[in-house]
Protein chains: 2
Amino acid sequence: MEEGTVEPLDDYDVRQWDTREDCEVRQILDRIADKWSLLVIALLDCQSLRFTQLRREIDGVSQRMLSVTLRQLERDGLVSRTVHPVVPPRVDYALTPLGRTLHQTIKSLVTWTEAHQEEIAAARAAYDARREMMES
Amino acid sequence: MEEGTVEPLDDYDVRQWDTREDCEVRQILDRIADKWSLLVIALLDCQSLRFTQLRREIDGVSQRMLSVTLRQLERDGLVSRTVHPVVPPRVDYALTPLGRTLHQTIKSLVTWTEAHQEEIAAARAAYDARREMMES
DNA sequence: CGGGATCCCCCTCGATACTG
DNA sequence: CAGTATCGAGGGGGATCCCG
């Protein structure tokens, strides 16, 4: 590593982002950044919904994946599950206080994406065009 | 809805979260919230790195996945790729201005996770304990 | 209605080998 | 060094059935 052209890592602490595979933060991120989790958290903001309502709202989710996602979110303490002892059964899902704080954070991510989606689309088009040039 | 227990929506409408499967924002989110993308963006903040350096820093990434990830990020205009015409070949990766704005956003997500990881761990432990009770 | 259990397919990803 | 090409295993996730 004699090549001093690249800045050394040490003093800006990149290591605050843990790059280890078994990192706890990584696990949690993988979970909450999940496609369905994101949408469930989005929809549960400021309202509680029943299983079937969620399923109807979220286009393309299978019953199994919604079930799995909700169980994970419940386990992580982000979503609460309330069973009403009636027939037919009724189960309500809502964000916990912890889940509500996450909603704000996720919202900023979505906002960024919405704000920049045209730039990204343009970058993709440019990239694809460039590649097509190369091939011909 | 009408349950006033939750904090108000301000001017924000939940319905603007697009739940359609083919939604553009969803695609982009899936990409940037990706495990490896997150780490690459993290590491490239404030410095440029070579392929092998990235590979060494990111524990567990295969050569193929790093390559694929970098190409996607480049295509999306988040990362720039600079080839130096020397032998042996040298390629530097860095964040574009667009990528740098994303870094801030992602960082807040990571910060949230770091701040709440104990709460989540506790929630999981409680959930698992509860389930174990049920079974016995 | 709200799911658990099962089967099975496809797609992702890792390993390996090869190139400029 | 910095990748691409190919192949094969594994698991995520859909479809279906069934039960409380």
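Just so we're on the same page: letters track the sequence lines, and every chain starts at 1.
- Applying the salt bridge (charged side-chain N to carboxylate O under 4.0 Å, His left out) test to pairs two or more places apart or on separate chains, those with a residue in residues 84-99 of chain A are A/Arg90-A/Asp92.
- Residues that satisfy the side chain to side chain contact (heavy atoms under 4.5 Å, CB included) test with A/Ser108, not counting sequence neighbours, are B/Thr105, B/Ser108.
- Protein chain B contacts DNA chain D from D/dC1 to D/dT6, reading 5' to 3' and using non-hydrogen atoms of the protein with a distance under 4.0 Å.
- Partners of B/Trp112 under the ring pair (Phe, Tyr, Trp, His ring centres under 6.0 Å) rule, at least two apart in sequence or in another chain, are B/His116.
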Strictly under 4.0 angstrom, non-hydrogen atoms only: write out the protein contact profile of nucleotides 14-20 of chain C, one letter per nucleotide from the 5' end, B, S or -.
BB-B--B
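- Of all non-hydrogen atoms in A/Glu114 and B/Val25, the two that sit nearest each other are CG-CG2, 3.8 Å.
- Within 4.0 Å of B/Arg81, counting heavy atoms only, lie sugar-phosphate atoms of the nucleic acid but no base atom.
- Nearest-nucleotide assignment on DNA chain C puts the 5′-proximal partner with A/Pro88, out of A/Pro88 and A/Arg71.
- Residue pairs satisfying the ring pair (Phe, Tyr, Trp, His ring centres under 6.0 Å) criterion with at least one member in residues 36-85 of chain B, sequence neighbours excluded, are absent.
- Between A/Tyr93 and C/dG3 there is a side-chain N or O to OP1 or OP2 distance below 4.0 Å.
- Distance, B/Arg31 CZ to C/dT12 C1': 13 Å, rounded to whole Å.
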Below 3.5 Å, can you tabulate the donor-acceptor pairs from side chains in residues 73-80 of chain B to any protein atom, sequence neighbours excluded?
from, atom 1, to, atom 2, distance (Å)
B/Arg75, NE, A/Asp128, OD1, 2.9
B/Arg75, NH2, A/Asp128, OD2, 2.9
B/Asp76, OD1, A/Arg124, NE, 2.6
B/Asp76, OD1, A/Arg124, NH2, 3.3
B/Ser80, OG, B/Ala94, O, 3.4

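- Identified under the salt bridge (charged side-chain N to carboxylate O under 4.0 Å, His left out) test for residues 29-40 of chain A, with sequence neighbours left out: none.
- The stretch residues 60-70 of chain B participates, sequence neighbours left out, in no salt bridge (charged side-chain N to carboxylate O under 4.0 Å, His left out) pair at all.
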